[in-house]
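Protein chains get the first letters and strands the later ones, always in sequence-line order, with residue 1 at the start of each. Quick caveat, the model's predicted, so the values are computed rather than measured.
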There are 2 protein chains.
Amino acid sequence: MRADRRPTLTDVARLAHCSPITASRAINTPGIVSVDLRERVMAAVEHLGYRPNLNARALASTRTHVVGVIVPSLAQHIFSDVLRGVYDAVQPTPLRVHLGNTHYDPAEEERLIGEFLRHKPAAMIVSGIDQSPLARSMLADAGCPVVQMMDLTGDPIDRVVGFSHVDAGYKMTRHLIDQGYRRIGYLFLVGWMNTRSVGRLQGWQRALEEAGLYDPSLLMTRTSKDPEGQSRQQRGEVITPLHARAGLRELLAMTPRVDAVFCNNDPLALGVLFEAIAQGLRVPEDLGIAGFNDSDMILGAHPSLTSLRTPRYEIGFRAVEEALAVIQGQPNPEPIIDLGTEVSFRKSTDRCGRLPMDEAVGRT
Amino acid sequence: MRADRRPTLTDVARLAHCSPITASRAINTPGIVSVDLRERVMAAVEHLGYRPNLNARALASTRTHVVGVIVPSLAQHIFSDVLRGVYDAVQPTPLRVHLGNTHYDPAEEERLIGEFLRHKPAAMIVSGIDQSPLARSMLADAGCPVVQMMDLTGDPIDRVVGFSHVDAGYKMTRHLIDQGYRRIGYLFLVGWMNTRSVGRLQGWQRALEEAGLYDPSLLMTRTSKDPEGQSRQQRGEVITPLHARAGLRELLAMTPRVDAVFCNNDPLALGVLFEAIAQGLRVPEDLGIAGFNDSDMILGAHPSLTSLRTPRYEIGFRAVEEALAVIQGQPNPEPIIDLGTEVSFRKSTDRCGRLPMDEAVGRT
DNA sequence: ATCTGAATTGGTAGCGCTGTCATTGTGATT
DNA sequence: AATCACAATGACAGCGCTACCAATTCAGAT
């Protein structure tokens with residue numbers, strides 16, 4: 001080992017009195033070498049502070065320890081939570097993360113998948129289940145485990161970790177019905193439409209239909225006012241509570257007897273709460289408010305906001321674990337992992353026994 | 001080119017009727033080859049769909065296109081914004097990002113820096129200016145551009161992109177004084193202390209001292225109630241508005257005549273607003289509220305919240321640009337780049353001419 | 001004693017690219 | 001015409017590692 005260089009496998013081998021290739025085996029597949037050799041090599045590694053050169057390893061083995069992770073947005077805290085799980089799960093493993101951001105653009109997603117696959121990743125983790133046909137086929141032929149995350153499907157490319165947005169939307173809507181709300185609006189921004197949002201919407205609609213409460217005028221889809229081609233999501237804008245304030249005003253104007261609003265996400269719920277405060281509506285008596293994701297930003301609201309807890313951190317963590325299990329040859333036999341959701345029941349929908357529904361309906 | 005393989009530089013060279021090394025030059029340093037050759041090689045690249053193998057390139061040149069980016073947290077939206085800037089700036093370049101999360105742990109930061117430097121990155125981008133001495137020296141000897149971001153300092157390791165937190169804290173406090181507030185509290189959670197938060201606090205204190213308004217009892221530092229060793233930040237917890245509600249209660253109990261609260265960040269400001277609403281305090285008349293960062297979550301609050309806009313996206317973007325300029329040998333002569341801040345003046349501190357300050361002081 | 005096969009170790013030959021030379025050809029200089 | 005400088009291209013070797021195959025050892029079977 002020259003003084004100016006970091007030690008190489010050859011240096012380790014020399015110190016351990018074996019050939020470089022044997023040292024390689026002792027390090028990578030310790031099970032197939034003798035105990036004595038393994039100990040000698042490990043001691044040499046320790047002594048020299050040897051760290052394998054990952055570029056050389058990747059070049060020689062056409063197999064890497066890189067996990068490609070593709071998310072549609074870095075602006076939404078949703079994906080921060082997922083990434084936190086991913087990075088925490090990766091930390092104790094030899095894997096490294098390559099992160100890509102599609103900005104909700106299918107073409108960009110295809111480009112990123114193609115780019116990442118050139119590096120022969122150990123695994124690919126992508127967000128959502130609605131990849132384009134080209135993206136699907138690229139991933140199917142990737143020759144590595146593929147984990148789709150966030151949403152569930154009966155037809156995963158390989159495996160999927162998430163929860164059902166339809167069930168989640170249904171569950172929250174049932175909760176609102178059980179609390180005595182009868183005119184339950186849904187607030188939704190079209191500029192940010194995606195399959196997951198649509199799933200929640202479907203769950204809401206199904207629950208209302210089952211209860212005989214469905215009315216199309218309860219759906220408030222705010223269209224982006226900007227006539228440019230790109231959706232707001234693609235331009236990196238993020239949903240803010242501000243978007244919801246005009247949304248609630250329009251919903252109340254359109255459908256005055258609305259007694260609860262199920263918001264497609266928490267920033268909207270916060271905005272609805274502020275608009276209700278601004279208009280002097282009592283929450284939860286006059287208006288029930290429910291959010292989605294149970295994100296940190298709504299903790300501390302007054303009144304406290306009901307939301308639907310989604311296992312975002314867990315999804316990221318579990319996606320890595322699943323990929324790792326496949327890489328190590330011990331895959332979970334079940335390719336579809338539903339991590340479930342839960343209603344975080346708080347004051348903003350807590351109308352039980354406090355106010356007869358008929359009174360509430362009569363407010364306008 | 002064998003059918004089962006992606007094309008290599010040799011394939012390109014064969015098609016362009018030149019040697020592989022010449023093809024390499026045509027691709028990497030097009031300026032030094034003849035126009036004719038360059039065009040032949042480019043045509044071959046295009047035709048074969050050739051993409052260089054980055055692992056091989058890294059191995060051969062001991063120089064990579066990887067930028068190591070180290071942030072203290074993925075949970076805070078602050079860093080999501082920075083990362084968005086980083087990833088957007090990197091997209092059109094040949095650079096790739098390696099992201100590390102220190103969880104606000106200096107030891108983990110040292111580990112990550114060491115790990116990243118083994119890959120001979122093209123540049124390192126780290127958060128903050130308060131690296132440990134070991135981390136500083138590792139970065140100083142890295143042999144690549146180093147950009148510190150978020151905070152400014154007179155003594156950067158190499159270059160720094162950010163803004164002065166002291167100035168920012170000062171600026172907001174001046175704004176509150178100019179609005180007629182005289183008993184301006186500062187809300188701060190000790191569990192999340194870091195040099196940047198402390199800087200803002202110093203700015204606040206300096207502005208009050210200059211105006212003869214400083215009083216130590218105006219500082220509300222909430223200590224984490226959890227007696228475990230690790231700070232809350234390190235455990236991945238995030239500040240929520242909920243933390244601020246008890247904080248405001250204690251501040252008002254301790255220092256009843258407080259007429260404004262400058263919050264160390266926006267989630268706290270939101271919590272203070274909710275607590276004010278819960279207590280029936282009028283904002284901005286009885287209590288002025290100012291946040292920090294001007295993050296999306298406060299847009300739409302009622303009353304709208306004043307905050308201090310910080311150029312988070314721009315910092316990430318600019319940090320990459322600076323690194324790139326150094327790599328390409330055209331560095332900005334100025335190693336310290338101050339992107340500045342601005343008060344986003346909104347209703348929660350808009351008391352000018354509306355209420356004589358003496359009345360507000362007398363509320364309790 | 002010979003053979004067989006498993007367990008263990010070593011040798012060779014690259015992976016795809018680029019650093020460092022050496023070589024060729026061209027026009028300018030003396 | 002001889003010399004030089006420089007631009008353009010090529011040859012060689014090697015970055016650090018591992019796939020592949022060969023060699024060795026040794027226990028147990030024949």
Answer yes or no: does atom CD of A:Glu46 have more than 12 heavy-atom neighbours from other residues, nucleotides or ligands under 6.0 Å?
-> no
Is the shortest side-chain N/O distance from A:Ser61 to OP1 or OP2 of D:dC17 below 4.0 Å?
-> no
For B:Asn28, which contact category applies under a 4.0 Å heavy-atom criterion: base, sugar-phosphate, or nothing?
-> sugar-phosphate
Please report, rounded to the nearest Å, how far the C1' atom of C:dG16 is from the CZ atom of B:Arg51.
-> 15 Å
Separation of atom CG in A:Asn53 from atom P in C:dC17, rounded to whole Å | 16 Å
Is there side-chain contact between B:Phe317 and B:Val86, with at least one heavy-atom pair below 4.5 Å?
-> no
Heavy-atom protein contacts under 4.0 Å, nucleotides 8-14 of chain C, coded B base, S sugar-phosphate only, - none = -BBB--B
Between A:Thr10, A:Asp11, A:Leu9, which is the residue that forms a side-chain contact (heavy atoms from CB on, under 4.5 Å) with A:Pro7?
-> A:Asp11
Whole Å only: how far is the CD1 atom of B:Ile27 from the P atom of C:dT18?
-> 8 Å
Do B:Thr22 side-chain atoms and B:Cys18 backbone N/O form a donor-acceptor pair below 3.5 Å?
-> no
Side chains of B:Gln148 and B:Gln131: donor-acceptor distance under 3.5 Å anywhere?
-> yes
Taking only side-chain nitrogens and oxygens of A:Arg57, does any of them come within less than 4.0 Å of OP1 or OP2 of D:dT18?
-> yes
Residue-phosphate contact under 4.0 Å: B:Ser24 side-chain N/O, C:dT18 OP1/OP2 = yes
Between B:Leu59 and B:Val35, who's closer to the 5' end of DNA chain D by nearest nucleotide?
-> B:Val35
Would you say the side-chain atoms of A:Glu110 and A:Ser132 include a donor-acceptor pair closer than 3.5 Å?
-> yes
